[in-house]
Amino acid sequence: RKPPERLDAWEAYQRGLWHFNKYGPDENRTAQTFFRRAIELDPNFAPGHYGYALALQWEIWLFSERPFSDIRGVPYDEACLAVSLDDKDAMAHAVLAHMLMWRGEWEAAIAEARAAHALNPNSSFVTSMLGCVLCFGGYHAEAMDRLQQAMRTARASLAALEQRGDKLREQAVERKRARNKAERSR
């Protein structure tokens with residue numbers, strides 16, 4: 001992936017993700033604001049564009065706040081732009097695959113999702129998107145395999161985070177014990 005030209009664009013994108021992942025209509029609108037800010041700060045930063053595309057698409061599909069026909073406009077255009085800005089970004093390809101799927105362009109969606117998966121087969125989002133477009137495209141057996149793979153990948157990621165958290169807690173406890181011991185010895 002290409003790094004952002006400005007770190008404040010990365011920060012705006014990350015803040016957008018934080019709101020986006022709260023899965024509510026108001027939070028989604030806030031996420032869109034941050035994604036647009038990332039784009040304003042660095043127009044060549046692909047994640048700002050695909051974050052905005054996905055948030056707009058959720059506004060249409062998940063929250064039913066806009067007509068479904070709107071998927072053909074800005075969300076699709078932003079996803080295409082993201083891929084053109086960074087063709088090595090698996091998320092950009094996965095989001096474009098999602099937009100193509102909702103446009104009914106099954107084979108193009110599957111090809112885009114396969115490209116995303118080839119770039120990052122360890123991403124549960126990318127793998128689940130491949131499973132999703134395969135399912136909608138009529139490839140049900142392969143779709144189930146990919147969706148199950150995505151669930152395993154997500155569980156493995158959560159387990160690794162949990163192990164890291166446990167290790168950090170242990171280290172914090174040890175530091176606190178050492179401080180307490182040092183204070184008592186004074």
Side-chain angles (χ1 to χ4, degrees), residues 1-2 13-14 16-25 27-29 31-32 35 38-39 45-162:
R1 289 170 49 170
K2 293 180 183 175
Y13 167 70
Q14 290 296 318
L17 282 180
W18 188 82
H19 287 281
F20 178 78
N21 287 319
K22 290 183 142 203
Y23 302 106
E27 293 293 342
N28 190 56
R29 282 188 287 280
Q32 289 177 40
F35 293 140
I39 293 166
F45 182 49
H49 292 281
Y50 64 69
Y52 186 48
L54 197 55
L56 287 171
Q57 194 272 337
W58 280 29
E59 188 176 66
I60 295 164
W61 172 67
L62 190 58
F63 305 123
S64 302
E65 294 186 331
R66 297 173 64 179
F68 197 78
S69 60
D70 282 2
I71 200 74
R72 295 191 178 276
V74 175
Y76 172 75
D77 294 342
E78 289 290 324
C80 287
L81 182 55
V83 169
S84 74
L85 290 170
D86 189 352
D87 67 347
K88 301 290 187 248
D89 191 318
M91 285 288 292
H93 286 278
V95 171
L96 179 55
H98 196 58
M99 300 306 153
L100 289 164
M101 179 189 77
W102 287 113
R103 290 167 58 101
E105 298 177 30
W106 309 115
E107 295 307 316
I110 291 168
E112 202 64 44
R114 288 191 193 286
H117 195 258
L119 289 166
N120 188 354
N122 297 318
S123 166
S124 57
F125 178 84
V126 167
T127 305
S128 67
M129 198 53 59
L130 175 56
C132 184
V133 299
L134 286 166
C135 184
F136 274 80
Y139 300 91
H140 300 121
E142 187 181 357
M144 287 304 297
D145 289 343
R146 293 301 181 185
L147 292 170
Q148 289 170 348
Q149 177 189 2
M151 288 187 285
R152 286 191 305 273
T153 303
R155 280 194 298 271
S157 296
L158 290 173
L161 284 174
E162 188 174 298

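Numbers for residues simply follow the sequence, beginning at 1. Model, not experiment: these values are computed from the prediction.
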Where Cys135 and His140 come nearest, the two heavy atoms and their spacing | O-NE2, 3.4 Å
Of all residues at least two apart in sequence or in a different chain, which pass the side chain to side chain contact (heavy atoms under 4.5 Å, CB included) check with Ala79?
-> Ala53, Val95, Leu96, Met99
Minimum-distance pair of heavy atoms, taken over all atoms of Ala90 and Leu119 | CB-CB, 3.8 Å
Determine yes or no for a side-chain-to-main-chain donor-acceptor pair under 3.5 angstrom, with Asn28 supplying the side chain and Ala55 the backbone.
-> yes
Answer whether the closest heavy-atom distance between the side chains of Tyr50 and Tyr13 falls below 4.5 Å.
-> yes
Residues at least two apart in sequence or cross-chain that pass salt bridge (Lys or Arg N to Asp or Glu O under 4.0 Å) with Glu27, listed by chain then number, are none
Expected output: side-chain Ser84 to main-chain Leu81 donor-acceptor under 3.5 Å | yes
Shortest non-hydrogen pair, Ala108 vs Leu100, comes out as O-CD1, 3.7 Å
Are any of the side-chain heavy atoms of Ile39 and Tyr52 separated by less than 4.5 Å?
-> yes
Just say parallel, tilted or perpendicular for the rings of His98 and Trp102, cut-offs at 30° and 60°.
-> perpendicular
Residues forming a ring-ring contact (aromatic ring centres under 6.0 Å, His included) with His19, sequence neighbours excluded | Phe34
Please say whether more than 12 non-hydrogen atoms of neighbouring residues, nucleotides or ligands are located less than 6.0 Å from CZ in Phe125.
-> yes
Where is the tightest heavy-atom contact between Ala116 and Ala94, given as atom of each residue plus distance?
-> CB-N, 3.6 Å
Rounded to the nearest 0.5 Å, what separation is found between the CD atom of Gln148 and the CE atom of Met151?
-> 5.5 Å
With a 4.5 Å limit on heavy-atom distance, are the side chains of Trp18 and Lys22 in contact?
-> yes
Between His93 (side chain) and Asp87 (backbone), is there a donor-acceptor pair under 3.5 Å?
-> yes
